[in-house]
Amino acid sequence: MPVNLDANFWNQKYLNDDTPWSIRKASPPLTDYIDQLKDKSIKILIPGAGHAHEVNFLLEKGFKNITICDLSKIAISKLKNVVPKDSVKLVTGDFFDLKGQYDLILEQTFFCALDPSLRKNYINKTYELLNDGGKIAGVLFDRIFEQNGPPFGGTKEEYEKLFLGKFNIQKMEKCYNSIGPRHGYELFFICVR
Ligand SMILES: C[S@@+](CC[C@H](N)C(=O)[O-])C[C@H]1O[C@@H](n2cnc3c(N)ncnc32)[C@H](O)[C@@H]1O
């Protein structure tokens, strides 16, 4: 039975603490990438951020212009009192309705949470939201899941085809630094608009 992946679906997950995707910290592929970014003034978007574990890491590293978007008001409400308002903008809503221009979009288990029929829309939307020369970077599953998603998996070949329509692929390779259970099953990628 196909699941309706609407706000209600995700709200229920957060209300029931049924969030198996959450690794309770920023993922090492992302933190290693963030660590080598020099310009702390860049405008960063984290779509489908959920618990937004990346935020504290970004703040610690001096980034001050961060936008978090999630369809789930429960996920966003949990962040309201814990992130500084002057550095972090919280948006409850659909990523596909988001407006604005960003320098960097961070991807961490958002792409795989979307129905695969939306993948082309995701590419077009990230392209629209990035400034010229802006980047999308993060992790994508490099595996096919047996059960119906989310998460929905995929292959490097599929992702390359999708991104190449709009982006230059600077990097798309197996992660060397995934967390244990995801070891061997993730690609780290950087695509440039
Ligand atoms: C698998 S969870 C990942 C959360 C977080 N990135 C993490 O790794 O812990 C997917 C998240 O995307 C959000 N989401 C799903 N569809 C969305 C949409 N169209 N726009 C914005 N957020 C969405 C869900 O509410 C959920 O928080």
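Numbering of ligands and ligand atoms starts at 1, following listing order.
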| message | If you compare all heavy atoms of E160 against all heavy atoms of M172, which two are closest, and at what distance to 0.1 Å? | response | CG-SD, 3.9 Å
| said: Show me, by chain and number, every protein residue that has a heavy-atom distance under 4.0 Å to ligand 1. | reply: W10, Y14, W21, S22, G48, A49, G50, D70, L71, S72, G93, D94, F95, Q108, T109, F110, A113, L114
| query | Relative to each other, are the rings of Y14 and W21 parallel, tilted or perpendicular (30° and 60° limits)? | reply | perpendicular
Review item, side-chain donor-acceptor pairs of residues 88-99, under 3.5 Å, at least two apart:
from: D94; atom 1: OD1; to: F96; atom 2: N; distance (Å): 2.9

| Ring geometry between F163 and F189 (parallel below 30°, tilted from 30 to 60°, perpendicular above 60°) | tilted
| task | Kindly say whether the aromatic ring centers of F141 and F111 come within a distance under 6.0 Å. | result | no
| field | Contact summary for L104 and L130, nearest pair of heavy atoms | value | N-CD2, 4.0 Å
